Amino acid sequence: MNRIYLDHAATTPLDEEVLAAMLPYFSETFGNADSPHFFGRKAMAAVDRARDRLAELLGASPEELYFTCGGTEADNWAIKGFAKAAKKRGKSRVLISAVEHHAVSESAKSLEEEGFSVGLLPVNEGGMVEANALREALDEDVGLVAVMWANNETGAVQEVKTLSQIAKQSGALFFTDAVQAAPYLAIDLKSMPDVDGLSISAHKFHGPKGVGALYVKRGVRIENFLFGGEQERGKRGGTLNVAGIVGLAAAYEKTAKLRAETNEKLAALKNAFLQRLQGLPDVVVNGKNTLPSLLNLQIAGVENATLLYDLDLSGVAISAGAACASGSLDASHALLAMGLDERQAKSSVRVSFGRENTVEEAERAAEILKKAVVRLRGL
Ligand code: PLP
């Protein structure tokens, strides 16, 4: 069967050039980057090169980047580490958007047990946090505001720069989870001076799984999250994942180079897919101002989990629910926060295209989806 993969928001295939760049660090250059001898120094030189290149591409300084074991760790660290640092300045309230990934929302929830209070910033029907909603929620007790750059379920892109300015004016730190945004939106941290922290994850842009980075703006205090060795300037213990770090930088570099052309291609794929769906009644696109790669469709009369399994049998991979729990049967909290009711949320699916997809695949997948929906609605 010629399977079609349309779940790039969950993960992307590893790019072959990225794999080639990583391979030497599994074999001949195997040293522990923190060892002072030749083997260690050679590994650390690769880490340094990767850090320098990634920093340059993100508009950051190398010492503002910390490598992590992915987006989840970076988000956990940011939420807990920034909140705890802010508490030392007497601020014990955290505001997060109502559509955050669980890596952020569950981290915030865990802080409640430590005496923090957590507030949810509402989103409008397009999935956006409005500037006024943030202004209204801010008070002098708020030490941290977290609003993701692009949502993993709808692809809705937030006005991160504006929101970060508002948070900063009120004396709060601002963190953004850019795990979904990083592949498609150019990140230039120099032009966003009010963003104090940002997370990325390599496997969302054709890099390896299990490696990511946290940006912490120079001079901003963050408490440690992983305790152990003195790695990462004493801020994050753990032997460095040298091959993964090399892969992260190589994958980001290639993604940034191809970004404009990829986005154009993705828009064409999305368009071809939607064109083929025309004629199928009661289909609504959820979310406004969305990533070029992502389409969240509310398909009345169909349960998303049933549709997902049906399409899987026909060779098309899509998702229902959050990126990291694609088989989840719960209604999406992000869609509920946008005002959908339980039934509407449970009839919504996420289709996410990637740079290796073809227009022919997009069209074929749409035809398969259409047939499945007609069949399921008739049952
Ligand atoms: N944040 C967002 C918005 C995500 O979509 C994901 C993964 O789907 C994560 C964080 C977690 O990243 P990782 O899979 O690298 O742990």
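These numbers were taken from a predicted model, which means no experiment stands behind them. Atoms within each ligand, like the ligands themselves, are counted from 1 in listed order. The figures here come from the full heavy-atom set of this structure, side chains too, leaving out hydrogens, waters and symmetry mates.
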Subject >> Candidate with minimal heavy-atom separation from atom 9 (C) of ligand 1, of Glu153, His203, Met148, His101 >> reply: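 Answer by nearest heavy atom: His101.
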As an exercise, identify every atom of ligand 1 less than 4.0 angstrom from a heavy atom of [X].
X      : result
Gly70  : 15 (O)
Thr72  : 11 (C), 12 (O), 13 (P), 16 (O)
Asp75  : 1 (N), 10 (C)
Ser201 : 13 (P), 15 (O)

**OP:** With side chain to side chain contact (heavy atoms under 4.5 Å, CB included) as the test, would you mind laying out the steps for Asp196 and Val216 before giving the verdict?
**Re:** CA-CA 6 Å; Asp196 299 297; Val216 179; over 6 Å; no
Original post:
Under a single-linkage definition using a 4.5 Å side-chain heavy-atom cutoff for Ile, Leu, Val, Met, Phe, Trp and Tyr, are Leu144 and Tyr215 assigned to the same hydrophobic cluster?
Top reply: no
Original post:
Within less than 4.0 angstrom of ligand 1, does Lys204 place any heavy atom?
Top reply: yes
Original post:
Hey, does Gly71 come in under 3.5 Å of ligand 1, counting only N/O atoms on both sides?
Top reply: yes
Inspect the contact between [Y] and [X] and indicate whether a charged nitrogen and a carboxylate oxygen are less than 4.0 angstrom apart.
X      : Y      : result
Glu153 : Arg350 : no
Lys257 : Glu253 : no
Arg53  : Glu56  : yes
Lys80  : Glu114 : no

Subject >> Proximity of Val179 to ligand 1 by residue part, where a heavy atom lies under 4.0 Å >> reply: side chain
